[in-house]
Amino acid sequence: MRKSATIFLLGLLFGISTFAGVPAEESRALAADESAATEEEASEDFADDTEETMSAQEELAAGYTIGVSVYDPEDWEAIAFRDYFESYLGAAFNTTFYYNAERIDTAEDEIAFVEELHEAGVKGIISFLSTYIEDVLPVCEEYGMYYVLGSGTISDEVYENVKDNPYFLGTIGPTTEDEQTAGETLAENLAALDESGSASYLVVTGGSGIGNEMHRLRTIGILSKLQELYGLTYEQSIEELAAITETTEIETGTDVRITIFPGYLADGSEVGEAVTGGEYTMVISAMTIANAITNICSAEAEYGYDIKVGMVDCFTDQNYAFFNETDANGDSKLNCLVGKYGAIVGPSFVAICNAYAGYADDFRNADGCAFQLYQTYWYAAGTEEFNELYAQSISTYENTYSATDMMQVLKLYNPDADYELFQEFAEK
């Protein structure tokens with residue numbers, strides 16, 4: 001209890017006792033006794049609070065270990081995020097990041113990684129896998145492990161099913177509208193390069209047909225925009241086309257050809273093999289296919305093809321090279337990109353640290369549920385645009401989510417930090 005509050009209560013007590021007919025001397029004695037008891041109680045409360053705070057601060061000083069689950073540890077977006085986590089935040093906050101060593105292709109794979117983290121004593125995980133969240137969260141709750149979706153989107157239905165899990169902190173990522181716009185933007189940018197008006201598209205849909213909401217929404221955006229731009233007529237609904245799980249050429253009602261190419265890639269050679277027959281002039285992907293671009297360029301060089309490429313990925317060093325290097329046709333190896341930057345995952349780190357320090361409940365939304373916070377994509381329709389955004393991306397550690405800014409939303413450093421302040425920080 002603060003001193004001013006104690007004085008106020010003592011004064012109130014003195015007034016009540018006097019008006020009740022208690023002699024002033026007895027009243028003062030009573031007040032003195034009450035003061036001593038109150039101050040002793042306040043001292044105990046303060047000691048308890050201080051002990052809890054110091055324990056959390058000492059733990060942070062000793063170093064946190066945070067799990068990070070990614071689809072493919074060799075993926076360049078994952079590498080960009082890892083560089084920010086380890087090189088910047090790890091150094092600034094004495095934190096170690098524990099990554100999955102192997103690819104995660106199923107719910108069982110991610111659950112196995114959660115169990116591995118539990119055995120290692122890790123209490124929280126930043127996941128970049130939206131597909132398996134309903135399967136994984138019960139295991140996290142069983143182990144008392146906090147879980148946040150670091151940069152991704154889940155459907156409203158899935159969110160309703162998981163929002164009350166006390167160990168699910170929330171999601172941070174693009175809105176569902178942004179995800180669909182990402183696909184639309186890719187389709188529009190590639191179609192602008194189609195001088196013949198009758199391009200053939202290989203549409204890589206990733207996990208669209210198996211529950212990856214981000215890939216599904218991007219695929220819907222791609223197919224919707226192509227339909228609009230070329231006046232296509234599909235025999236199935238776009239939602240049905242986005243759910244296809246086998247390589248399928250779909251009817252378009254025109255000379256424009258579209259083949260749905262679903263599934264996650266093992267090493268990129270699958271796309272290289274698909275374009276070898278010379279059937280495609282455009283490769284457009286709802287996920288990263290950075291590991292396939294070299295295969296595409298090899299096919300162009302060997303067979304004299306001219307293939308334009310657009311994808312959703314990240315503003316990485318590798319993609320900088322693809323935009324600034326030319327293929328056999330003198331064209332950029334990568335033609336358009338919708339992407340994120342490495343520091344975009346900063347708020348997920350803050351969320352886990354606040355949970356580790358015992359403040360998870362302070363950062364739930366107004367309904368007491370897991371948060372849903374939103375960030376936007378960056379768009380590059382060519383080399384010049386990419387280079388400008390890339391220059392910004394490699395300097396965002398300090399001008400977007402800096403360690404100094406984070407201390408304002410880490411409750412250990414700023415006792416006034418709350419959900420509203422964190423939301424403003426995350427969505428800026």
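Of the possible polar contacts, one joining the K340 side chain to the S151 backbone as a donor-acceptor pair under 3.5 Å is found. When atom types are taken as modelled, the side chain of Y88 and the backbone of A403 share a donor-acceptor pair closer than 3.5 angstrom. In this structure, the side chain of Y305 engages the main chain of G278 through a donor-acceptor pair within 3.5 Å. A donor-acceptor contact shorter than 3.5 Å links the side chain of S285 to the backbone of M287. Panel note: side chain E188, backbone K225; no donor-acceptor pair is recorded below 3.5 Å. Between the D164 side chain and the C369 main chain, no donor and acceptor come within less than 3.5 Å of each other. Without hydrogens or angle criteria, N354 side chain to V409 main chain gives a donor-acceptor distance under 3.5 Å. A donor-acceptor pair is defined here as one N or O able to donate and one able to accept, closer than 3.5 Å; such a pair exists between the side chain of N319 and the backbone of C314. Side-chain N or O atoms of N335 include one that pairs as donor or acceptor with a backbone N or O of V309 at under 3.5 Å. For E134 (side chain) and N161 (main-chain N/O), no donor-acceptor pair under 3.5 Å exists by modelled atom type.
Using modelled atom types, one finds a donor on one side chain and an acceptor on the other under 3.5 Å when comparing D178 with T175. Counting only N and O atoms by type, the side chains of T254 and T252 include a donor and acceptor under 3.5 Å apart. Using modelled atom types, one finds a donor on one side chain and an acceptor on the other under 3.5 Å when comparing S69 with S127. Of the N and O atoms on the side chains of T288 and E77, not one donor lies less than 3.5 Å from an acceptor on the other residue. Side chain to side chain, T205 and T219 fail the donor-acceptor criterion of an N or O pair below 3.5 Å. D194 and Y230 form a side-chain donor-acceptor contact under 3.5 Å, judged by distance and modelled atom types alone. Remark: the Y234 side chain and the E240 side chain contain no N/O donor-acceptor pair separated by less than 3.5 Å. Between the side chains of D72 and Y264, no donor-acceptor pair of N or O atoms lies under 3.5 Å. Between the side chains of T171 and Y159, no donor N or O sits under 3.5 Å from an acceptor N or O.
Two residues are said to be in side-chain contact when any heavy atoms from C-beta on lie closer than 4.5 Å; V271 and N295 fail this criterion. Between E270 and F261, the closest side-chain pair of non-hydrogen atoms falls below 4.5 Å. A heavy-atom distance below 4.5 Å is not found between the side chains of F81 and V70. No side-chain heavy atom of N189 sits less than 4.5 Å from a side-chain heavy atom of L186. Residues E157 and E160 have side chains not in contact (no heavy-atom distance under 4.5 Å, counting atoms from C-beta outward). The side-chain heavy atoms of I125 and F113, taken from C-beta on, include a pair separated by under 4.5 Å. You'll find the side chain of V312 reaches within 4.5 Å of the side chain of Y377, heavy atoms only.
The distance from atom CD1 of I289 to atom CG of D75, rounded to the nearest 0.5 Å, is 12.0 Å. Distance CZ/F168 to CZ/R364: 8.5 Å, rounded to 0.5 Å. Rounding to the nearest 0.5 Å gives a distance of 9.5 Å between CD of Q408 and CG of D416. Interatomic distance, I238 CD1 to R216 CZ, rounded to the nearest 0.5 Å: 11.5 Å. From E249, atom CD reaches atom CZ of R257 across 4.0 Å, with rounding to the nearest 0.5 Å. Between the NZ atom of K411 and the SG atom of C353 there is a distance of 15.0 Å, given to the nearest 0.5 Å.
Closest heavy-atom contact between S130 and I154: CB-CG2, 3.9 Å. Heavy atoms only, all atoms of each residue included: L373 and A426 are closest at CD1-CB, 3.8 Å. Residues D327 and C297 approach most closely at CB-SG, 4.2 Å, considering heavy atoms. Between A292 and L265, the shortest heavy-atom contact is CB-CD1, 4.5 Å. Annotation for G209 and T245: closest pair O-CG2, 3.7 Å, computed over non-hydrogen atoms. Nearest heavy atoms, Y98 versus T65: CB-CG2, 4.2 Å.
Just one residue in the list F97, Y356, F85 forms a ring pair (Phe, Tyr, Trp, His ring centres under 6.0 Å) with Y64, and that residue is Y356. The one candidate from Y320, F323, W378 that meets the ring pair (Phe, Tyr, Trp, His ring centres under 6.0 Å) condition with Y390 is Y320.
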Check against side chain to side chain contact (heavy atoms under 4.5 Å, CB included), M311 and I293:
CA-CA 10 Å; M311 66 179 179; I293 291 178; 4.0 Å; yes
Walk me through whether L226 and I258 qualify under side chain to side chain contact (heavy atoms under 4.5 Å, CB included).
CA-CA 9 Å; L226 292 178; I258 297 177; 3.9 Å; yes
Evaluate side chain to side chain contact (heavy atoms under 4.5 Å, CB included) for I296 paired with V283, printing each intermediate quantity in order.
CA-CA 9 Å; I296 295 171; V283 176; 4.2 Å; yes
Report the C-alpha separation of D331 and K308 in whole Å, then their side-chain angles, then the decisive distance to 0.1 Å, and conclude whether the salt bridge (charged side-chain N to carboxylate O under 4.0 Å, His left out) test is met.
CA-CA 9 Å; D331 188 22; K308 311 299 183 185; 2.8 Å; yes
If you apply the rule side chain to side chain contact (heavy atoms under 4.5 Å, CB included), what do you find for T176 with Q180, and how did you get there?
CA-CA 6 Å; T176 54; Q180 185 163 329; over 6 Å; no
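Ring centroid separation for the pair Y401 and Y84 does not come in under the 6.0 Å cut-off. Taking the six-membered ring for Trp and the full ring otherwise, the centers of Y167 and Y146 sit less than 6.0 Å from each other.
Counting non-hydrogen atoms of neighbouring residues, nucleotides and ligands closer than 6.0 angstrom, the CG atom of N414 exceeds 12 such neighbours. In the displayed structure, E424 atom CD is contacted under 6.0 Å by at most 12 heavy atoms of other residues, nucleotides or ligands.
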